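This report refers to the structure that appears directly beneath it.
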Amino acid sequence: MENFKIDVDADGIATITFDVPGRSMNTLTGKVMAEIPEWVEQVKSDDAIKGVVLTSGKASGFCAGADLGDMAAGMLGGADLQAAFDAGWRLNGALRALETCGKPVVAAINGLALGGGLELTLACHYRVAGDSSKIQLGLPEIKVGLFPGGGGTQRLTRLIGVQAAMTAMTAGSSWRPNDAKNAGVVHEVVPAGTEVEAAKAWIKGGGKASQPWDVKGFKIPGGGPYHPAGIQNFLVGNAMIRKQTYANYPAALNLMKAVYEGLQVPMDAALRIETRYFIKTLMTPEAQAMIRSLFLSKQELDKGAARPADVPPSDPKKVAVLGAGMMGAGIAYVQAMAGIETILIDRDQESADKGKGYAEDIIKKRVSRGQMTQDKADAVLALITPTSDYSLIKGSDLVIEAVFENRELKATVTQMAEAQLEPGAVFGSNTSTLPISGLAEASSRPEDFIGIHFFSPVDKMMLVEIIMGEKTGPAALAKALDYVMKIKKTPIVVEDGRGFYTSRCFGTYVAEGMAMLEEGISPVLIDNIGRATGMPRGPLEMHDDVALDLSVKIAKQTAEDLGDAYRPLPGSDIVRKMVEDLGRYGRKNGKGFYDYDSKPKVIWSGLAELAPVKVDELSMDEVADQKRRLLYRQAVEVARCWDEGVIDDPREADVGAILAWGFAPWTGGPITMIDQTGLKAFVEQADIYAARYGDRFAVPQFLRDMAAKGETFYGKFAAQKAAA
Ligand code: NAI
C-alpha cells in the first residue's frame with residue numbers, strides 16, 4: 001500500500017498510519033479509497049491482530065476529506081449512473097466493512113478531520129482527539145454544493161441525534177476537540193501527542209468491536225422519523241431548510257431525504273440510500289458549478305493563478321498601513337496574524353492606538369475562547385507599531401493606503417510615504433471608488449502603484465480585488481499577489497475603471513431593486529425576491545447596509561466626472577429625498593428603507609408616499625421572472641466588464657462575484673450561470689428584458705457572436721489554456 005503503513009505491536013495492536021506520499025495533507029483520493037478495503041481485509045483475516053488504531057502521519061492534520069479534484073475529474077458530467085453509484089459506494093462499502101470487521105478500531109485524531117476525514121473516524125468504534133487549537137472536526141460538504149457521502153448522514157444522526165447532526169451538516173460547521181466531546185462526536189480528548197497511547201489503552205481496557213447502531217435494541221437519540229419527538233425534527237427541519245435555501249440547493253434537500261429515509265432502515269441499506277442521493281446531488285448543475293468555483297477555481301487563485309510567472313517570488317516582511325480607521329485597523333490585524341511586521345499610521349498617536357485596539361480586542365476574544373495561546377497573542381500584537389511618524393515606513397516592502405476617500409489627501413500621503421520607500425517597494429491604495437490611474441498621478445513611481453481593494457469587515461471577507469492602473473508594472477502586481485497570498489486571502493486581478501469589477505457589478509443589483517421600487521413593486525416583495533434568488537440579502541436591505549448618503553455622494557461625484565454622459569440610476573430621486581429631506585441614511589442611523597428601532601426591522605411606513613405600491617402580489621411565474629431579472633442584470637454587467645477588458649478570467653469573475661458581493665453561490669457565479677443557461681438562451685432572455693426594462697439589459701456584441709458560434713466562456717478558456 002502506498003498511503004497506509006501498518007505496525008503491529010507486541011500486544012497485537014495494529015497502528016495504521018494514514019500518510020499520502022508527496023502531499024502535506026491527507027485526502028481521500030481514488031487510490032486511498034481503493035487501499036482501505038485492503039487493510040480492512042488484512043485486519044480481519046490476521047489472527048495476530050487484536051485491535052486497530054488509525055492515525056495520521058501528517059503534522060498538518062488527520063484528513064481533509066475527499067479529493068474534490070479527483071471527484072470532479074472522475075464524475076462531473078458522467079452520465080453512467082451505475083458506474084457513478086459504484087464509485088460513490090467505494091468509500092461507504094469500505095467503511096462499513098471496517099466497522100463490522102470484528103475487531104475494535106479506534107481513531108486517534110491528531111489533526112483536523114473534515115468531511116470524508118471525519119466520516120472515516122465515525123466508522124471507528126471509538127474516537128480520541130488531541131487537545132489542540134489546530135484541530136477542527138466537521139462535515140463542510142454543503143459549502144461546495146454536496147453533503148456527506150461517506151456515511152456521515154447516517155452515523156452522525158445515529159450518534160448525536162437528528163437535530164444536532166442536521167444543524168451541523170446544513171451549516172457545514174465544525175467543532176474544536178472539547179466541543180466535539182461535549183456534542184458526543186468524540187469520546188475522549190487527551191493532551192496532543194498522546195492520542196495513539198490513549199487509543200491503545202482503550203483497546204487494552206476491553207473496548208468493544210461494535211457500533212451502537214449494530215446492537216440490538218438501538219434507539220436513535222431524540223427519536224427517529226416514527227417517534228413523536230423525532231418527527232418534529234423533520235417537520236421543522238423541512239421548513240427551516242426551505243427558509244434558509246429557498247430550494248436553491250439540491251444538496252440541502254437531498255441531505256434531508258437521505259437522513260429521513262436512511263434512519264428507517266438498518267445501516268447497510270441506509271448507506272446505499274445515502275450513496276444514491278449523494279450521486280444524484282453530485283450530478284446536479286448546482287453541485288458542479290459550486291465545486292468548480294468555490295473549490296477548484298478558488299484554490300487555483302489562492303495559489304497565484306493570476307500571478308506573472310516570470311517575476312521571482314517575494315515575501316513581504318514589513319508592511320505599512322496608512323489610516324488606522326475601520327479598514328486600516330482590520331488590514332493591520334490580518335497581516336500581523338500572518339506574521340508581517342506592521343507600521344500602523346494615523347494623523348496622531350491616539351488615532352493610531354485606537355486602530356491597534358481593534359486587533360487587541362479580537363485577539364483577546366480568541367484567547368478567551370481557547371483559539372489562540374497567550375504567547376501567540378503577545379507575539380502578534382508585538383508586530384503592530386501604531387504611530388504618526390511616517391519615517392517608520394522606512395524598510396517596508398509595501399504600503400497600503402486606507403485614509404479617507406479623498407483624492408487630495410490620498411495624493412499627500414502617497415508622496416509622504418514614497419519619500420521613505422526604497423526602489424521596488426509597492427504602494428497599494430485601498431480606495432473603493434477612485435480610479436487607480438488617477439490616484440497614481442500623485443506618485444513618482446506609477447509602475448509600483450496599484451489598487452489593493454479589501455472588503456469590510458476585513459478579517460471575515462476572504463476576497464481582495466487587485467486593480468491595475470494604466471502604468472502598473474508586472475513586478476508590482478506579483479508583489480501585491482504575494483502579499484495577498486501571505487495573508488491567506490483570495491485575489492482577483494482586474495483592470496481600472498469606475499467601480500472596478502466588484503463594486504460596479506454589485507451596484508446593479510441594488511439599482512435593479514430601486515427600479516422595481518419605482519415600478520411600484522412592494523418593498524417587501526422586492527427583498528423577498530432578492531433573497532429567494534440566493535443573494536444574501538434583498539437589494540433594499542443591502543442599500544441600507546451600504547448607506548444611502550454614500551449612494552447620493554457617489555451619484556454626485558459620478559455626475560460631475562461624466563458630464564453629459566451621466567445617466568442617473570433608477571430610483572435616485574427617491575434616495576435623494578430620503579437622504580437630503582428626511583435624514584434617512586440607512587442602517588447606520590437606524591433609518592433607511594427600513595426602520596431599525598424594532599426587531600425584526602420593518603419597512604419604513606413613509607416609503608409608500610415616495611414610492612406608491614402598485615404590485616403587492618405576484619404569481620409564482622412572475623416571481624421566477626423577477627428573480628431571473630435580478631440575476632440577469634448583474635450577469636449582463638459582468639459580460640460588459642468582460643467586453644471592456646476589466647476582467648478576462650472566468651474563474652476570477654465567478655469567484656470574485658460570490659466572495660465579494662454574495663452573488664448567488666448555487667449558480668457558481670455569473671459566468672457559470674451564463675454558460676449553464678447556454679449563451680443563446682441567455683441572450684434571448686436578456687433581449688426580452690432590454691425591450692421591457694431598457695438598455696441596461698443590452699448585451700455586448702461579443703456575447704451574441706459567442707452565442708452564434710455555440711461557444712461557452714469556460715470552453716474557450718480551457719482551449720486557450722491548452723494552447724498556451
Ligand atoms: P475611516 O474613516 O474609518 O478611516 C480613515 C482613517 O484615515 C481615519 O482613522 C483617519 O484618521 C485616517 N487619516 C486621515 N488622514 C490621515 C493622514 N494624513 N495620515 C494617516 N491617516 C489619516 O475610513 P475607512 O472606512 O477605513 O476607509 C478607508 C479607505 O478604505 C477609503 O479609501 C475607503 O473608500 C476604502 N474602503 C472602505 C470600505 C468600507 O467598507 N468602509 C471598503 C473598501 C475600501
Side-chain angles (χ1 to χ4, degrees), residues 319-335 342-359 384-393 396 399-420 427-436 438-440 442 449-467 484 489 491-492 494 498-507 510 542-551 553-554 557-558 585-588 656 659-662:
V319 176
V321 179
L322 307 184
M326 184 168 92
M327 296 305 287
I331 296 167
Y333 165 73
V334 296
Q335 61 180 46
T342 298
I343 306 299
L344 181 56
I345 296 190
D346 209 298
R347 287 177 289 190
D348 47 57
Q349 188 65 39
E350 196 189 339
S351 310
D353 288 340
K354 194 164 157 241
K356 179 171 178 178
Y358 177 78
I384 306 178
T385 306
T387 179
S388 58
D389 178 2
Y390 275 67
S391 74
L392 296 191
I393 294 177
S396 293
V399 172
I400 306 230
E401 171 277 303
V403 299
F404 299 135
E405 190 76 341
N406 173 300
R407 256 188 213 119
E408 291 70 41
L409 175 63
K410 286 191 191 289
T412 308
V413 301
T414 302
Q415 282 155 5
M416 285 167 76
E418 282 184 352
Q420 307 294 333
F427 189 97
S429 174
N430 180 48
T431 177
S432 45
T433 56
L434 304 169
I436 294 300
L439 292 180
F449 194 101
I450 195 164
I452 304 183
H453 181 205
F454 284 84
F455 298 82
S456 172
V458 178
D459 55 312
K460 301 243 164 59
M461 296 293 284
M462 292 318 292
L463 193 82
V464 177
E465 183 177 32
I466 304 279
I467 303 121
V484 176
K489 297 213 181 273
I492 60 167
V494 308
R498 191 162 292 279
F500 314 129
Y501 169 61
T502 60
S503 308
R504 169 174 169 182
C505 297
F506 163 66
V510 172
M542 280 207 172
H543 206 165
D544 269 357
D545 286 354
V546 170
L548 305 184
D549 59 324
L550 183 66
S551 184
K553 209 169 126 198
I554 293 175
Q557 181 73 50
T558 314
Y585 297 157
R587 186 192 278 276
K588 69 180 184 194
L659 297 189
W661 77 91

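Start at 1 and go down the list; that is how both ligands and their atoms are numbered. Starting from 1, each residue takes its place in the sequence as its number. Note that this is a predicted model, so its numbers are computed, not measured.
In Leu409, the part holding a heavy atom less than 4.0 Å from any atom of ligand 1 is the side chain. The part of Val413 lying near ligand 1 is the side chain, judged by heavy-atom distances below 4.0 Å.
Taking each of Ala402, Ala329, Gly451, Ala547 in turn, the one with a heavy atom nearest to atom 28 (C) of ligand 1 proves to be Ala402.
Scanning both residues, Lys410 and Thr414, for their nearest heavy atoms gives O-OG1, 2.5 Å.
Looking at Glu405 next to ligand 1, an N or O pair under 3.5 Å apart turns up. Considering backbone and side-chain N/O of Ser432, one or more are found under 3.5 Å from N/O of ligand 1. An N or O contact shorter than 3.5 Å is missing between Phe455 and ligand 1 by distance. Geometrically, ligand 1 and Arg347 share a nitrogen or oxygen pair separated by less than 3.5 Å.
Residues Ile452 and Ile331 form no side-chain contact, since every pair of their non-hydrogen atoms from C-beta on lies 4.5 Å or further apart. Ser503 places a side-chain heavy atom less than 4.5 Å from the side chain of His453.
Remark: ligand 1 atoms within the under-4.0 Å shell around heavy atoms of Lys410 are 31 (C), 32 (O). Shown in contact with Phe404 at under 4.0 Å from a heavy atom are these atoms of ligand 1, numbered in order with element: 2 (O), 5 (C), 7 (O), 8 (C), 10 (C), 14 (C). Those atoms of ligand 1 with a heavy atom of Phe454 less than 4.0 angstrom away are 42 (C), 43 (C). Counting atoms of ligand 1 from 1 in the listed order, those under 4.0 Å from a heavy atom of Thr431 are 32 (O). Of all atoms in ligand 1, numbered sequentially from 1 with element shown, those under 4.0 Å from a heavy atom of Ala324 are 9 (O).
Remark: the Thr433 side chain and the Gln557 side chain contain no N/O donor-acceptor pair separated by less than 3.5 Å. Judged purely by distance below 3.5 Å, without hydrogens or angles, the side chains of Gln420 and Ser391 never pair a donor atom with an acceptor atom.
Aromatic ring pairs are classed by plane angle as parallel below 30°, tilted from 30° to 60° and perpendicular above 60°; the pair Phe427 and Phe449 is parallel.
Of the residues listed (Asp346, Ile393, Ile343, Ile400), the one engaging Leu322 in a side chain to side chain contact (heavy atoms under 4.5 Å, CB included) is Ile393, and it is the only one. A side chain to side chain contact (heavy atoms under 4.5 Å, CB included) with Phe454 is found for one member of Asn430, Asp459, Val484 and no other, namely Asn430. Each of Val494, Ile492, Leu659 was compared with Thr502 under the side chain to side chain contact (heavy atoms under 4.5 Å, CB included) criterion, and only Ile492 meets it.
The protein heavy atom nearest to atom 19 (N) of ligand 1 is Tyr390 OH, 2.9 Å. Protein heavy atom closest to atom 23 (O) of ligand 1, with residue, atom name and distance, is Met326 N, 4.6 Å. Considering only non-hydrogen protein atoms, atom 40 (O) of ligand 1 sits nearest to Ser456 CB, 3.3 Å. In this structure, the protein non-hydrogen atom closest to atom 35 (C) of ligand 1 is Asn430 O, 3.2 Å. The single protein non-hydrogen atom nearest to atom 8 (C) of ligand 1 is Asp346 OD2, 3.6 Å, given as residue, atom name and distance. Scanning the protein for heavy atoms near atom 7 (O) of ligand 1, the closest one is Val403 CA, 3.4 Å. Looking only at heavy atoms of the protein, atom 4 (O) of ligand 1 is closest to Gly325 CA, 3.2 Å. Annotation: atom 26 (O) of ligand 1 to nearest protein heavy atom, Met327 N, 2.8 Å.
Heavy atoms of Glu401 come nearer than 4.0 angstrom to ligand 1 in no pair at all.
For Asp544 and Arg587, the salt-bridge test fails: no basic side-chain N is under 4.0 Å from an acidic carboxylate O.
Taking OG of Ser432 as the start and CD1 of Ile554 as the end, the distance is 6.5 Å to the nearest 0.5 Å.
Shown here is Lys354, whose NZ atom has no more than 12 heavy atoms of other residues, nucleotides or ligands within 6.0 Å. For Glu350, the CD atom sits in a loose shell: 12 or fewer heavy atoms of surrounding residues, nucleotides or ligands are nearer than 6.0 Å.
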